[in-house]
Amino acid sequence: MPDIMIDVHDQQMPAYLAEPDSRRAGGVVLIHEIFGLNRSMRETADRFAKAGFLTVCPDLTWRQGNLPELEPGTDQALEEGRRRMAELTDEQMLDDVRAAVLHLREMGPCNERVATVGYCMGGRIAYLMACRGDTQANVAYYGTRIEKHLGEAVKLTRPFMMHLGADDPFIPPETRKRLVERLCPVAGVAIHTYPGVGHGFARPGATGAAAEAGKLADQRTFDFLGLYLR
């Protein structure tokens with residue numbers, strides 16, 4: 001699948017495009033983890049395209065220049081990913097995601113209905129898009145630091161789904177409890193918790209319980225998006 005360029009004000013942001021077999025489809029903007037646009041996110045985009053969605057994954061680190069790709073799995077990659085994300089603000093990333101949504105809507109194969117799906121840090125941005133954006137639906141996989149923005153739940157008017165691992169050290173039980181208590185009463189919100197798995201369970205290459213949880217979470221996501229994008 002080709003890389004594309006997306007206009008962000010007077011500059012251009014690279015993104016990965018994955019196209020479904022169908023001639024007209026709903027669009028999905030994937031929002032990557034702290035590791036950026038990498039092999040894992042491209043494989044994930046391909047999976048969404050196979051499920052029938054026109055999918056793009058923008059590189060939100062584009063302002064930092066041509067950086068080496070990171071893959072999760074080492075302390076060094078985690079440290080470097082955190083360093084890169086520390087140089088970005090949520091407002092910058094939201095600006096980039098809005099540009100990607102607009103780009104998708106204007107593509108010929110898109111039916112003009114678009115959702116965001118975010119992972120880890122990207123899950124927080126997907127939540128903020130649900131509160132501030134104009135997408136048809138939004139999904140967060142193990143979104144981090146969403147609890148710091150629960151005050152925005154009063155603006156949560158777009159359908160929103162969240163997937164959480166019961167053993168996720170970055171989203172401990174007390175945080176999950178706050179998320180469920182504040183968000184589940186909101187119309188259009190669904191939160192799924194998966195026992196026995198931690199952070200990043202939906203990444204390509206997961207095994208055992210994580211792979212099973214990722215498969216179930218993806219199917220729930222595809223069904224959810226199908227309600228609002230087709």
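Numbers here are sequence positions counted from 1.
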Any carboxylate oxygen within less than 4.0 angstrom of a Lys/Arg side-chain nitrogen, looking at D134 and R105? yes
If we ignore angles and hydrogens, is there a donor and acceptor under 3.5 Å between the side chains of D218 and Y141? yes
Can you see which heavy atom on R124 is nearest to which on R145, and at what distance? CD-O, 3.8 Å
Do M13 and M5 share a hydrophobic cluster, counting only Ile, Leu, Val, Met, Phe, Trp and Tyr and linking them when any side-chain heavy atoms are less than 4.5 Å apart? no
Are any non-hydrogen side-chain atoms of L17 and L54 less than 4.5 angstrom apart? yes
Between R132 and E152, does the salt bridge (Lys or Arg N to Asp or Glu O under 4.0 Å) criterion hold? Intermediate values first, please. CA-CA 9 Å; R132 306 181 194 177; E152 297 205 38; 2.6 Å; yes
Just by modelled atom types, is the V114 backbone N or O under 3.5 Å from a matching donor or acceptor in the Q136 side chain? yes
Check for me whether the distance between the ring centres of F170 and Y142 falls short of 6.0 Å. no
State, without any angle test, whether D96 and Q92 hold a side-chain donor-acceptor pair at a distance under 3.5 Å. no
Where does the angle between the aromatic ring planes of Y194 and H192 fall among parallel (under 30°), tilted (30 to 60°) and perpendicular (over 60°)? tilted
Can you list every pair that meets ring pair (Phe, Tyr, Trp, His ring centres under 6.0 Å) and has a residue in residues 33-90, with sequence neighbours left out? F48-F222
Do the side chains of R83 and E87 get close enough for a salt bridge, i.e. N-O under 4.0 angstrom? yes
For a salt bridge (Lys or Arg N to Asp or Glu O under 4.0 Å) with R203, tell me which candidate from E71, E33, E43 qualifies. E33
